[in-house]
Amino acid sequence: MRKNIPSLDLTGEQLNQRLAELESLVKGYEQYEAELERRLTDEQQQRLQAEMLYQSGTTLTSTLDHSEILDRILDEVRHLIPHDATSVMLIEADEARVFRRRGYANFDSDNNARVVSLKIADTPTLRRIQETGLPLVIPAVEQDATWVEKPDAGWIKSYLGAPLYIQNRLIGFLNLNSAMPFHFKPDDVERLQAFVSQAAIALKNARLYDQLRQESIERVRALKRERNFISAVLDTAGALVLVLNRHGRIVRFNRACEQTTGYTFEEVRGKFWWDIFLPPEEIEPIKAEFEALWLNQPPKRYENEWVTKEGQRRLISWSNTILTDAKGAIEYILNTGIDLTERRQAEDALQSSEERFREVVSSISDHVYVTRVTADGYPINLYLSPHIIGLTGYPREKFLDDWLFWPTQIIHPEDRAMAAVQAAKLMMGQNSEVEYRLVRADGRTIWVRDSGRSQQDGSARIIYGVVSDITERKQAEEQLKITNKQLQELTNRLQEELTLAQKIQQSLLPIGHPSWSGLDMVCYTVPAREVGGDFYAYHAFQKDEGGTLRVKDEAYPSAFIPQPSSFAIAVGDVSGKGMPAALLMAASLTALQSIMGHSFRPSSLLAELDLALIPYTKTTLQNCALCYAEITPPGPNQPTGNLRVANAGCVTPLIGRADGRVEWVEVGGLPLGVGLGADMGYTEATFTLNPGDVIVFTSDGLIEATNAAGELFSFDRLEQAVASGPKTRAAAMLAHLLAEVARFTGDIEPHDDLTIVVVQV
């Protein structure tokens with residue numbers, strides 16, 4: 001059924017008006033949709049920037065290495081704010097010194113090789129940032145009156161900088177440069193402000209970590225020194241020292257105890273001391289005394305017998321000291337003992353047969369005396385052996401009638417004070433031994449050793465002494481002093497010569513970090529002794545006027561063939577140690593440097609060097625292990641580089657690939673100087689290099705480094721260390737390898753020279 005459509009009774013003017021209203025409404029909707037699209041785009045951009053800032057903060061704070069953080073700052077700000085070049089400057093005194101730069105090599109004529117330091121007061125941009133504490137953007141430096149153009153920096157057209165703060169203290173600046181004017185916008189300031197806040201937190205954490213680590217190291221060292229000092233004191237003490245815990249178990253047992261009982265500390269540690277050392281009949285009484293002591297009764301002295309590991313009995317005189325904790329509670333008991341066995345046996349033997357004692361004394365050549373000191377301190381000579389006559393030239397009666405005749409007439413005037421100190425110690429019950437001079441009756445001066453032991457006898461004290469003529473020994477000691485002085489002078493001269501030899505040897509080596517375009521290389525070597533046999537060398541092949549490197553064509557010696565820019569690197573290890581190795585090292589390094597720049601292939605260079613070293617090695621039976629490599633890095637028209645290696649008995653290099661793999665450069669050959677390498681020839685191995693790859697050359701001093709258990713660092717640990725090491729810079733990988741070796745070896749002294757060369761492609 002057909003519906004009727006009502007007609008619109010509109011005039012032409014009304015129809016045009018309705019159409020205009022509809023068009024206006026459509027245009028409004030279009031503008032609304034455009035505004036929504038713009039807001040959505042802005043919101044997405046802000047979310048993206050927030051995510052980038054969060055990711056940058058996570059990356060910066062994921063490490064506590066100060067140097068690595070500086071590198072990551074440059075990496076992360078590149079993703080956040082596009083720019084051509086950037087630098088991190090840290091403040092030293094009144095200057096800002098560049099610690100990291102990136103991108104300037106594309107513009108500076110000197111290839112960014114120099115270190116830049118700027119006075120903040122003389123640099124308007126840095127001064128303005130310091131004064132305001134806020135980021136600074138200069139959209140067009142040519143329109144800014146305060147901009148100071150530096151040499152080789154005329155390419156900079158736009159600048160953005162921000163301050164780095166740690167705890168409200170300005171520590172440096174982050175500078176961004178662009179070769180395009182008006183490149184940096186005001187919006188970049190807000191992003192950079194947020195980024196430098198995260199960078200400052202990462203730097204602060206790194207500094208706190210370094211400070212805490214250093215404090216921990218110092219505390220550990222102090223504790224070790226204190227522990228070693230206490231152990232040394234206890235182990236060198238002549239008395240027996242036994243420390244018990246509150247239960248009577250042994251927690252300390254010094255060396256004197258070990259020597260007396262025959263037990264080691266490990267055998268008695270943690271055991272009840274009475275179960276090990278006491279005879280069965282004394283265990284219960286001693287345990288009762290120990291329990292009484294634990295009830296805060298005052299310490300006391302006592303004597304008891306100890307049973308040694310061999311079943312012998314020793315008479316020990318003990319003195320107890322209570323050690324309390326901070327709250328005053330008893331924590332340990334310190335027992336100090338003296339072995340009285342020999343003295344008691346001697347006393348018994350003396351009391352049982354005085355006549356036998358006299359016979360024995362008469363049979364020895366030394367002078368023996370026995371003196372009684374009364375309760376009021378008056379000395380009386382009880383016995384003087386006949387040998388006093390031969391010793392002094394005076395009759396015995398002189399000394400028997402007058403005790404003071406010996407100290408006032410016989411002892412040399414300059415030594416009487418020293419002898420008086422000994423006499424006072426003996427009268428106070430202390431054993432003493434002293435050496436002094438005597439003046440004989442004939443006027444001749446002799447040296448004697450006076451050894452006295454003091455023993456209580458009721459209210460009096462008995463002193464037993466022996467006086468021995470040591471004149472010949474003293475004369476020998478004087479001659480020995482002269483000889484020792486001469487030996488010391490000779491030793492000092494030898495040490496000076498070794499020090500000079502070390503300086504000369506180090507001066508033969510090139511600098512450890514050459515400035516090469518395309519390669520980042522760092523070299524490290526340290527001898528096990530003053531001088532050693534390890535060395536390294538390198539060479540950058542020169543280009544012709546057209547910018548092409550030309551090397552010899554071995555098939556046609558008079559012809560040259562073009563090659564890309566390349567570099568030669570060598571690591572050597574001479575057999576032996578000390579001065580012989582150092583001499584052969586110097587000869588090997590000189591011979592290598594003399595032919596290194598002649599553009600030989602690696603295999604041919606080793607053959608030439610083998611022949612050159614035979615005159616030096618045929619008489620000494622030494623040899624030189626050497627790894628020689630030629631590296632052609634990637635270039636603008638060459639996305640990959642290559643590595644050619646020949647090896648004469650040295651540790652094969654490793655390649656730490658940018659993707660995390662580690663690859664050994666498997667190539668070998670006979671050491672140089674043996675005389676067979678040139679005849680048999682050397683093989684070569686060629687490997688492709690990609691940007692970010694790291695090549696590690698090392699001597700066997702790294703592989704054969706040992707720890708306290710005698711284990712070797714080994715090839716496997718080296719491979720793991722390279723795999724886990726940073727591949728951002730050669731210096732970072734070198735620091736990582738040295739840290740791994742130091743952690744493995746601990747305090748063990750190295751027994752071989754150590755050389756490492758790291759190359760970052």
Side-chain angles (χ1 to χ4, degrees), residues 238-239 301 303 314-317 338-413 415-441 445-471 473-474:
R301 295 179 179 271
E303 294 181 2
R314 310 292 297 184
L315 180 63
I316 311 296
S317 174
I338 300 176
D339 188 350
L340 302 179
T341 307
E342 283 78 11
R343 189 180 78 178
R344 183 63 58 85
Q345 292 172 351
E347 291 172 354
D348 294 342
L350 183 62
Q351 293 174 358
S352 65
S353 180
E354 182 179 350
E355 189 60 36
R356 185 178 177 183
F357 165 74
R358 292 177 182 271
E359 292 176 358
V360 172
V361 169
S362 300
S363 66
I364 63 176
S365 59
D366 294 335
H367 164 51
V368 178
Y369 64 90
V370 179
T371 301
R372 179 182 179 86
V373 181
T374 63
D376 56 2
Y378 184 77
I380 302 173
N381 286 324
L382 297 181
Y383 174 79
L384 297 175
S385 69
H387 299 296
I388 194 171
I389 301 173
L391 186 68
T392 66
Y394 291 96
R396 292 176 64 193
E397 291 73 16
K398 274 282 190 184
F399 305 95
L400 289 172
D401 296 341
D402 183 8
W403 182 87
L404 293 175
F405 184 71
W406 179 281
T408 60
Q409 301 297 323
I410 302 301
I411 299 178
H412 193 284
D415 298 342
R416 289 172 186 169
M418 179 169 50
V421 173
Q422 183 206 27
K425 289 182 177 179
L426 292 171
M427 292 181 182
M428 294 171 59
Q430 301 179 22
N431 298 333
S432 180
E433 180 176 290
V434 69
E435 296 178 357
Y436 52 78
R437 290 167 292 178
L438 298 181
V439 181
R440 287 172 44 86
T445 300
I446 62 172
W447 277 93
V448 297
R449 180 182 63 250
D450 189 343
S451 301
R453 297 177 66 86
S454 181
Q455 178 182 345
Q456 191 70 33
D457 183 20
S459 61
R461 185 169 295 280
I462 304 298
I463 298 173
Y464 304 91
V466 178
V467 180
S468 307
D469 187 347
I470 59 171
T471 305
R473 195 203 77 189
K474 280 290 187 179

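Atom set for the values below is all heavy atoms of this structure, side chains included, hydrogens, waters and symmetry mates excluded.
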Could you check whether any side-chain N or O of [X] sits under 3.5 Å from a backbone N or O of [Y], counting only pairs where one atom can act as donor and the other as acceptor?
X: Thr392; Y: Tyr394; answer: yes
X: Asn381; Y: Thr371; answer: no
X: Asp415; Y: Tyr436; answer: no
X: Thr471; Y: Trp447; answer: yes
X: Arg440; Y: Gly390; answer: yes

Between [X] and [Y], is any pair of side-chain heavy atoms under 4.5 Å apart?
X: Ile411; Y: Leu438; result: yes
X: Ile388; Y: Phe399; result: yes
X: Ile470; Y: Ile446; result: no
X: His412; Y: Thr445; result: yes
X: Tyr383; Y: Tyr369; result: no
X: Pro379; Y: Met427; result: yes
X: Leu340; Y: Ile316; result: no
X: Val434; Y: Met418; result: yes

How close do [X] and [Y] get, heavy atom to heavy atom, and via which atoms?
X: Gly429; Y: Ser454; answer: CA-OG, 3.4 Å
X: Thr341; Y: Leu315; answer: OG1-N, 2.7 Å
X: Asp366; Y: His387; answer: O-CD2, 3.3 Å
X: Arg473; Y: Arg449; answer: NH1-NH1, 3.6 Å
X: Lys398; Y: Phe405; answer: O-CB, 3.8 Å
X: Leu400; Y: Leu384; answer: CD2-CD1, 3.8 Å

Atom [atom1] of [X] and atom [atom2] of [Y]: how far apart are they, to the nearest 0.5 Å?
X: Thr374; Y: Arg461; atom1: OG1; atom2: CZ; result: 12.0 Å
X: Arg453; Y: Ile462; atom1: CZ; atom2: CD1; result: 14.5 Å
X: His367; Y: Asp469; atom1: NE2; atom2: CG; result: 12.5 Å
X: Leu404; Y: Trp406; atom1: CG; atom2: CH2; result: 13.5 Å

Here's a test for you: under side chain to side chain contact (heavy atoms under 4.5 Å, CB included), which of Leu426, Asp450, Ile463 qualifies with Ser432?
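Going through Leu426, Asp450, Ile463 one by one, the side chain to side chain contact (heavy atoms under 4.5 Å, CB included) with Ser432 is satisfied by Leu426 alone.
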Looking at Glu433 and Lys425, does any basic side-chain N land under 4.0 Å from a carboxylate oxygen?
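Salt bridge absent between Glu433 and Lys425.
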Salt bridge flag under 4.0 Å for residues Asp457 and Arg372
yes
Give a yes or no on whether Lys474 atom NZ has more than 12 heavy-atom contacts from other residues, nucleotides or ligands under 6.0 Å away.
yes
Please determine whether the number of non-hydrogen atoms from other residues, nucleotides or ligands lying under 6.0 Å from atom CZ of Arg396 exceeds 12.
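Atom CZ in Arg396 is packed in, count exceeds 12.
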